[in-house]
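In this chain, numbering begins with 1 at the start of the sequence shown. Quantities reported herein were computed from a predicted structural model and do not represent experimental measurements.
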Amino acid sequence: MRRGVWMLLCLTALVGFGTPARAESAPAGGTANDGPKPGEVLDQSTWQKAEGLLPPEILKHYKTNEYVNRIVDWPLGTFNWPPDFRAASEKNADKFAIGPLGQLIDKATGGPPTALMGFPFPTIDPKDPQAANKIIWNYFYLNWYWGNLHAEAQVNWVGVHSMERRSDQDVSFMYYDGVPSDERPQNPQNFSTQQLIVVRAPADLNGTASLNWRYRDPAKRDSTWAFVPAMRRVRAVSPANRSDGFLGSDMSQDDGPFFDGKPEDFKWTLKGQVDQLRLVDPLNLEGKGRSEWLSQGGWRAFWPDIPYIGYHDPNWKGVGWAPIAMALAKRPFYLVEGVPDDKYYLYGRVELYIDTETFQGAWNRKFSWQGELLNTFQVLAYNPRPFTRPDGKVDYLQSSNMNFQCAENIKANRATVAGQKSNPNAALDLRVPFQSNFFAMESLSRFGK
């Protein structure tokens, strides 16, 4: 959710893994503002140092002391690349291309790739007409690499001063692409991903469930179904509904971890490259984080019991959804614009800020079909950490000490915050195995009530 009126900063076209590329293709422009320095605090007294380095609606929060965060250093070249992901990315160079529908194709066969892991495009040339599509696919393959996910988490409606409503979800994701070979499931139906969400609380929403199948076929829309307890039956839902607010909140299924729309359903344009401040987990950057191996397979992440969202702290004076325990780090970004093909999609365009080195997202700004900014989705960055299984195999995990996904409704001055565990012992499990029938249609009736 970003606006395309930014002055373009630094000519910093980057190639994968932090290697500088020639800057001749980067857009002209720039600013003399180097931003606040590590160790400083961005707040009402220093907000001007961040002009041009944050979306205007986010900068406004610092100007009015609604957000207050310290600045930390996260220099290029310090991302902990998993060795298998790095090696696979390097081997992928010049093997893949973008097809006529925006799909990923294997140059050798002309068809979709199979068993692909790593960045499909380890080198990005900003002058390439397909650069935006390639950036988007790199983002997805980094996200998929971390493997299947099971989480018990909250979605909270947050007002200016307090949380107004809470719902608890049991969420499961299964990925067929991008994962290591020993985690890749059989795929006779040619899926890309599958997703099952079951609402556990409050009572009036308990048993509501949603199932989504995404296919590799670029011309095949997502298959989506919902189980509504009051109706006691499963209903097919339009894939355009993935842009609507989940359970009436300001967060949609297409938000996902940052953006989770089907890439082929949008027309992508690279608008330029900019330096921006972004939210980060400071404990993660310090190398802290704990995960335990589960007996059934997979890793469970544990977070410290600390207040990290504004409404957690009774003494906090800013907005209720403020990321109070997070920090800001300056990073280089691609600014990518996506316009949906579906005229019934809720938003007329989205603007995504995607890190030029790590391909992690930062700010997702969504606009109406008339061009009005409606919603800004804000997420944390992380630096992966290695964890060793009992059998000696090393897995790299996102290893964040907290999670913050915030969809801010700009016009209504409210937000929806997700990622907080339902309780300290709730599941946040990565690289977990699922039975092949877990995401079958029957699961909607089995898990729904």
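Two rings, from F439 and F434, have their centers less than 6.0 Å apart. Between Y215 and F191, a ring centre-to-centre spacing shorter than 6.0 Å is recorded. Close placement of the F119 and F359 rings is indicated, their centers lying within 6.0 Å of each other.
No side-chain donor from either of T224 and D222 sits under 3.5 Å from a side-chain acceptor of the other. Of the N and O atoms on the side chains of E408 and T376, not one donor lies less than 3.5 Å from an acceptor on the other residue. Between D355 and Y334, the side chains place no donor N or O within less than 3.5 Å of an acceptor N or O (distance only, hydrogens not considered). Q44 and H61 share no side-chain donor-acceptor pair at under 3.5 Å.
The pair E357-R331 counts as a salt bridge, with a side-chain nitrogen and a carboxylate oxygen less than 4.0 angstrom apart. The residues D204 and R165 are annotated as salt-bridged, a charged nitrogen and a carboxylate oxygen being separated by less than 4.0 angstrom. A salt bridge links D341 with K267: at least one charged nitrogen is closer than 4.0 Å to a carboxylate oxygen. Under the 4.0 Å criterion applied to side-chain N and carboxylate O atoms, E372 and K411 are assigned as salt-bridge partners. A salt bridge does not link R214 with D177: none of the charged nitrogens is closer than 4.0 Å to a carboxylate oxygen.
Using a distance-only test at 3.5 Å, with no hydrogens or angles considered, no donor-acceptor pair links the side chain of K330 to the main chain of W74. In terms of modelled atom types and a separation under 3.5 Å, the side chain of N375 and the main chain of F367 share no donor-acceptor contact. At distances below 3.5 Å, at least one donor-acceptor pair connects side-chain atoms of N138 with backbone N or O atoms of F121. Panel note: side chain N409, backbone A412; a donor-acceptor pair is recorded below 3.5 Å.
With a 6.0 Å cutoff to the six-membered ring centre and a 45° limit on the axis angle, K49 does not count as a cation-pi contact of Y62. Judged by the 6.0 Å and 45° rule, R385 forms no cation-pi pair with F79.
Here M251 contributes atom CE and D244 contributes atom CG; the two are 14.5 Å apart, rounded to the nearest 0.5 Å. Separating the CH2 atom in W321 from the CG atom in N413 is a distance of 4.5 Å, to the nearest 0.5 Å.
Looking at heavy atoms from C-beta onward, P263 lies in side-chain contact with F140 at the 4.5 angstrom threshold. For the pair V72/L328, no side-chain contact is recorded, criterion being any heavy-atom separation below 4.5 Å from C-beta on. Side-chain contact check for P340 versus D265: every heavy-atom pair is 4.5 Å or farther apart. Counting heavy atoms from C-beta on, the side chains of L270 and P126 come closer than 4.5 Å. Put simply, the side chain of K366 reaches to within 4.5 Å of the side chain of S252, judged on heavy atoms. Counting heavy atoms from C-beta outward, S291 and R300 have side chains that stay 4.5 Å or more apart.
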| task | Test salt bridge (Lys or Arg N to Asp or Glu O under 4.0 Å) on E337 and R349 and set out the steps. | result | CA-CA 7 Å; E337 178 183 270; R349 65 184 173 96; 3.3 Å; yes
| Are Q378 and Y67 close enough, and set up right, to give a side chain to side chain contact (heavy atoms under 4.5 Å, CB included), and what steps lead you there? | CA-CA 13 Å; Q378 311 157 36; Y67 279 20; 2.8 Å; yes
| request: Quick one: do Y139 and F259 satisfy ring-ring contact (aromatic ring centres under 6.0 Å, His included)? Show the steps, please. | output: CA-CA 9 Å; Y139 155 76; F259 173 76; 7.1 Å; no
| message | Quick one, D84 with R86, criterion salt bridge (Lys or Arg N to Asp or Glu O under 4.0 Å). Give me CA distance, side-chain angles, the key distance, then yes/no. | response | CA-CA 5 Å; D84 58 347; R86 177 193 285 271; over 6 Å; no
| task | Output, in order, the C-alpha distance, side-chain angles, deciding distance and verdict of ring-ring contact (aromatic ring centres under 6.0 Å, His included) for F387 and W299. | result | CA-CA 9 Å; F387 294 85; W299 293 94; 5.7 Å; yes
| said: Please evaluate residues R242 and D342 with respect to the criterion salt bridge (Lys or Arg N to Asp or Glu O under 4.0 Å), reporting the C-alpha separation (whole Å), side-chain torsions for both, the decisive distance (0.1 Å), and the verdict. | reply: CA-CA 12 Å; R242 285 181 54 90; D342 190 338; over 6 Å; no
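If you run ring pair (Phe, Tyr, Trp, His ring centres under 6.0 Å) between Y145 and each of F85, W81, Y175, only F85 comes through. Just one residue in the list I135, L352, V339 forms a side chain to side chain contact (heavy atoms under 4.5 Å, CB included) with W268, and that residue is L352.
Pairs of residues two or more places apart, or lying in two chains, that qualify as side chain to side chain donor-acceptor pair (under 3.5 Å) and include a residue from residues 310-319 are N156-Y311, Y311-Q420, H312-Q420.
Across every non-hydrogen atom of Q169 and I197, the tightest pair is CG-CG2, 3.8 Å. When all heavy atoms are compared, the tightest approach of G207 to P229 is C-CG, 3.6 Å. Closest approach of G256 to D260, counting heavy atoms only: CA-CB, 3.9 Å. Of all heavy-atom pairs between A426 and K421, the closest is O-NZ, 3.3 Å.
Remark: K60 NZ is packed, more than 12 non-hydrogen atoms of other residues, nucleotides or ligands lying under 6.0 Å away. When the shell of 6.0 Å around CZ of R184 is examined, it contains more than 12 heavy atoms from other residues, nucleotides or ligands. For CD of Q435, the number of neighbouring non-hydrogen atoms (other residues, nucleotides, ligands) closer than 6.0 Å is 12 at most.
The side-chain hydrogen bond (donor to acceptor under 3.5 Å, both in side chains) test applied to T416 returns no partner, not counting sequence neighbours. Checked against side-chain contact (heavy atoms from CB on, under 4.5 Å), A88 has the following partners two or more places apart in sequence or in another chain: M117.
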